[in-house]
Amino acid sequence: MHISKIEIKNYRNFKDVSFSTNSKMVIIGENKSGKTNLIQAIRLVLDDSLPDSKRYLEKNDFNFDINNPIENGEEITISIEFSDFSDDKELLSIFCDYLIAKDIAKITYKYTPKSEIVEKKKKIGEKLSINDYMYYFYGGNNTLNVIYKNEFLSILRMRTLDAIRDVENDMELWSKSPLKSLLTNDKIINQEQLNEQLEKIQNEISDTTNSFKHSDIIKLLQENIDKYLKDVAGVSTIKTNINLEGNTDANNILKIIKIFSGNNEHSIHSLSQESLGLNNLLYYSLFMLAEKPFKSIVAIEEPEAHLHPHLQRMVFKNSMENHPLILTTHSQNLVNTISDIRDIVILNNYANTTKISSLANLNMTDIELKNIQRYLDVNRSEILFAKGVILVEGIAEEYLMPQFAKKLFGQDLDQMGISVCSVNGTHFEDFVKLLNYIHIPFVVVTDGDNNASTKDFNGQSFLYSDGIVRGLYLINETNSDFIENIITKYISFIPDLKVSNGSITANKDLRRKGIKLLQKYKLDLFNRILKNNGIFLNETTLEIELLKNGYIQHFKNIFSRYFSENKCNLIKEELDNQIAPDKLIGYIEEIGKGRFAQELSISMLDTDTIPNYIKEALSKIRDKVI
Amino acid sequence: MATEFYNKCIEECYSDQEQIKVLESGTHTIIKAGPGSGKTRVLTLKAAKLLFENVEKPRGVACITYTNKATQELKNRLNLYGIEYRKNLFIDTIHKFCINNILLPFSDLYSNKCDIQKCKIVKNLTRYYNEFFDYFSITDKSTKDSYKKFFKEYKYKQYKNQEKAKQAYEYYSNIFFSNNCLNFDLVLDIANEIIKDDYVCKCIEAKYPYILIDEYQDSSIAMHTLFKTLIDKTNIIFYIVGDPDQAIYGFTASSPEYYNELYESEIFQKIEFHKNYRTQNNIFTVVKNFLTNTQQIAAVNTSTSCYYKKCSNLKEQIEYIISNILPKLDDKGIKRRDVCILYRDFHSENPIIEILNENNVNFVDSNKVYVDKDFNDSDLVTFIEDIVLWSLGKSKQDKELTFKQLYADYIRIFHKKKILSFDDRKELKVNLYKTLTDYSFDENIMFLDFITYINTQLNIEKLLEDNNPDELEVLKSIVSKTTEYTIIQFAEYIESENSIRLLSAHSSKGLEYKVVIIPDLEDGRYPSWWISSDNKNELDEERRLLFVATTRAKDYLFILYSGFYISNDRKWEKGPSRYFNEIKSMFADADNFT
């Protein structure tokens, strides 16, 4: 069983969200993006330990964008769908009354004004108040299929570990200790045997204390006290009784059971002497152990607040086995350990309303997913946490982009929350899909790879740009009619290319031909279109662009450090006489593109030398982020 | 928690070899049990035992009965055993079973004929049937009857002219669908469609690993098909009780053959109850001789004495009852309410009433108050009876009246479609209590005024309209039939110690009385004269009807006849019932009854 979909309407920062989920949910988002509210919304439906009074909401539980929600009789609904339960007879026996499809059950919490009061007050023109509200649950899609929460909560439960907790204290307090749920649960400990043990202890305590009580020294003390009471206070009716024993019934013994730590039997100490990290781990383990026999959904808020990164990973990986798990986290480290990125749910806050993007909804092939997954693994999932992303081709841009930005804005990209992401090639599509989906703004910076020697159908050479084709193709990824529209708009007069609907995107070759012809006439036009869509091109490659922008001396300096004097002179001459791009890249690759870029970044010139397309890209992403 | 009472009952069961078998059985079990053999008790005990010992929450048990009355009785008993209502404990009729477990949860997913969520169930079908008969210009009563039977069986039988049959059925069902209505037969037909899906079966099995069914001999082919699907496709274990000798509802297309089919099936463990806890040996020995499904029943507790009297006509028969039998019963200290006269049908009902009235004999004829015989099985009628009796501080013969029970019924009947919060419930409860207790009861107040008062306080008419529209018809009909009653008369009517009971033989099934009197036992009445001598099935059912009627008696059974019957204004002298002739030797002359 797991949660497969969540829908929330009008609750706190969720105006109207609906998203599918994987069996595990890892919720990420900035502070105040509503992670805790999301957990709270789920708790309203599923947490049996939540006091009933909490389900009677208040005015400020309504979404802030709604004016006078109560007077207008607005409703709050939270629906949770479950799937994969049909082989569990106990769950099925409950869920089959809430079905919306085979193996999909839906439970909805609804907070609403009572209908007859709404009618009554409407008639007499009186305003609704919060006291006119009630809540109820219904199963499936039929709002009349009212269900009592105990009906499903008797079998399903949800437990939450808050981000802020005082572990040491909680474990000391019997009422809060996870040890309590372990010791008093028949599914974990045989209660009969436990009681037998406790009674045995109780008897032994009595026996031992009796001999103490009847010992001569104690008797003497007792007599002294009584004598004193009689002589001094004149009281003879009271007989004192000195003993070790308090109230030793089995239940009280149970309550004083505590957990200690230590490497071996001889070095046992109390938890207050233990490190906070270890206590947290212990608390966490007890908590998870107590949930093991139940069909429970476990929510843990910010596990990184208490656990060392290594432990986070261990704990996360192990605890994911048995239970549907919901985590909120800021930790890239933790997100990195996720084996399926579809577990990720991203919250973005706009004004008072949160948008939710669940990667479980992402429309991607397995191969595309694996590509993204691989990238996230290497880069610690950085882009998922970014406010904005600059997608670049390779390592050279990755090194140089932050330097350019620092020169241009006088501020680090990191400070602005912008990540530079190198896709190691020109396959931007997967990333564009992902970023679009999770509502993170981005720009693409890529080479124009202009090539003047391409020939058209008539055998005439013309200027062809791979970059533009790539760019148009990228836009088409998210706006699938884009290229078709452009072709109809600009080249419908070319009879060869008149193709029927749909076949344009299907026939890649044909499209390429179309674009080739297109850009012969409209190169600037397409560059503009691409810029508007956040795709920025140079003419050929970054390095040539830099050369044009006054970096010639830098290049010469770097080459002189890596090549023999003879070769160096040859290159310098070529540099002065408009070197062919292929040749220049050839030399740079001998040094290594990364190394070359690193060298270059150390000796960066002023803002004027930043190539124009990069300036534009940086400004655009800055504007989007702010 | 099991109550003391439960433990006591279990213990009692363990002194009976056959009943033990049922309690211990863990496989499909079919029980053949005659009248008074304690079958319903064993079935409820079995249900309780399963719930206490075999079933883990939240899974449960389904107990399926054929009438609301039987449902109430089962609920009361389980309550006494310490079983509290919970999710997945189902005790109700087969129709409710289909609606709650098959139609409502799955209609969206599997059927597109009509929006079941919005459909209401209608009981009074005349209007809809007439639409059908008008369309096909059918006027003849016997053709109408055969169509009514056809509607119930179409889905499960083959017809020579399949195309014509299909058209007729579709026209019939569309009459209901287009009015956003369903009847019980269509409920079963749709349920049988939906349940073909394996997933639906899986869901039902998840809820109810055990299903118990009472009175299986009353199953129609639609019900039987449904159960057989579940037996074939799931691991649900069935406990089935029935008595093919008591199948008397042939006119509703039920037949003992379905019971017999299961009884002969290899997968069922067969248990026959031989002991009888109600009537004496002789009547059963006699009866078994003339039944087709014979069974040996041994007497255990009490003894029934049987008497007969031949009079010159029906009037004299009734007068004999009034002047000879009733006074002697009074002398024995038998209360009038423990005496029951069973009549064949309205032909004898009306003269009997006339004569009883002439002689100022108090009697309760449920059919008189509640016109339609469906009303006998109406929740609303039971509720109104209960609140009247409770308000007057009286109790009911077969159950204890508590406010808790009244309140539960009130919610069930009047507020079933509303979403109630905790506060709402509290308010309704207080309101109901106030309404019932604030009324100053003058015993001479008119019943009608009482109903009007209840209606103004609780707005029941409106509530029925919203929640239970077919019960509204019942309410209106009761009101129109009871205009001349004071409230105390109404109460007496339903629960008077000093009135004898008047019932049709058909509706006596499942009831028992100390004294049962059957007048009009002529050949031509039992069996009815219009049944031809070669119609074995119907003749068998007539036999069973008399079997049911005679076995209602705990202590005394009286049979009266004149040796003729009148039909079409002609006197037919065929002698007493042919069945009586077979058992006459066991009867003593009623003149010798002291």
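Between B:A206 and A:S93 the shortest heavy-atom distance is O-CB, 3.1 Å.
With chain A as partner, the option from B:R86, B:K202, B:K57 having the largest number of non-hydrogen pairs under 4.5 angstrom is B:K202. Note on A:K114, A:M134, A:E116, A:K102: by heavy-atom pairs under 4.5 Å with chain B, the leading option is A:K102. Your options are B:I204, B:V200, B:D197, B:L104, and the one with the most heavy-atom pairs under 4.5 Å with chain A is B:D197.
A distance of 11.5 Å separates NZ in B:K87 from OH in A:Y148, rounded to the nearest 0.5 Å.
Using a 4.5 Å heavy-atom cutoff, the side chains of A:L99 and B:C203 are in contact. A heavy-atom distance below 4.5 Å is not found between the side chains of B:K207 and A:I94.
When the shell of 6.0 Å around CD of B:E427 is examined, it contains 12 or fewer heavy atoms from other residues, nucleotides or ligands. More than 12 heavy atoms of other residues, nucleotides or ligands lie within 6.0 Å of NZ in A:K110, so this atom counts as buried by the packing criterion. Environment of CD in A:E71: crowded, with over 12 heavy atoms of neighbouring residues, nucleotides or ligands closer than 6.0 Å. Few gaps surround CG on A:N190; more than 12 heavy atoms of other groups in view lie less than 6.0 Å from it. No more than 12 heavy atoms of other residues, nucleotides or ligands shown are found within 6.0 angstrom of OH on B:Y433.
At distances below 3.5 Å, not a single donor-acceptor pair connects side-chain atoms of A:D97 with backbone N or O atoms of B:P105. With B:Y199 contributing its side chain and A:D103 its backbone, the two residues share a donor-acceptor pair below 3.5 Å.
The list of salt bridge (charged side-chain N to carboxylate O under 4.0 Å, His left out) pairs with a residue in residues 127-143 of chain A, not counting sequence neighbours, reads A:K121-A:D132.
Heavy atoms closer than 4.5 Å to chain B are found in the side chain of A:F85, but not in its backbone. Using a 4.5 Å cut-off between heavy atoms, A:S86 contacts chain B through both its backbone and its side chain. At a 4.5 Å heavy-atom cutoff, the contact between A:I100 and chain B is made by backbone atoms alone. At a 4.5 Å heavy-atom cutoff, the contact between A:L92 and chain B is made by backbone and side-chain atoms alike. When heavy atoms are compared at a cutoff of 4.5 Å, A:E90 approaches chain B by way of both its backbone and its side chain.
Comment: A:K89 engages B:E205 in a salt bridge, judged by a side-chain N to carboxylate O separation of less than 4.0 angstrom.
Annotation: residues 230-239 of chain B contacts chain A through no residue [non-hydrogen atoms, separation under 4.5 Å].
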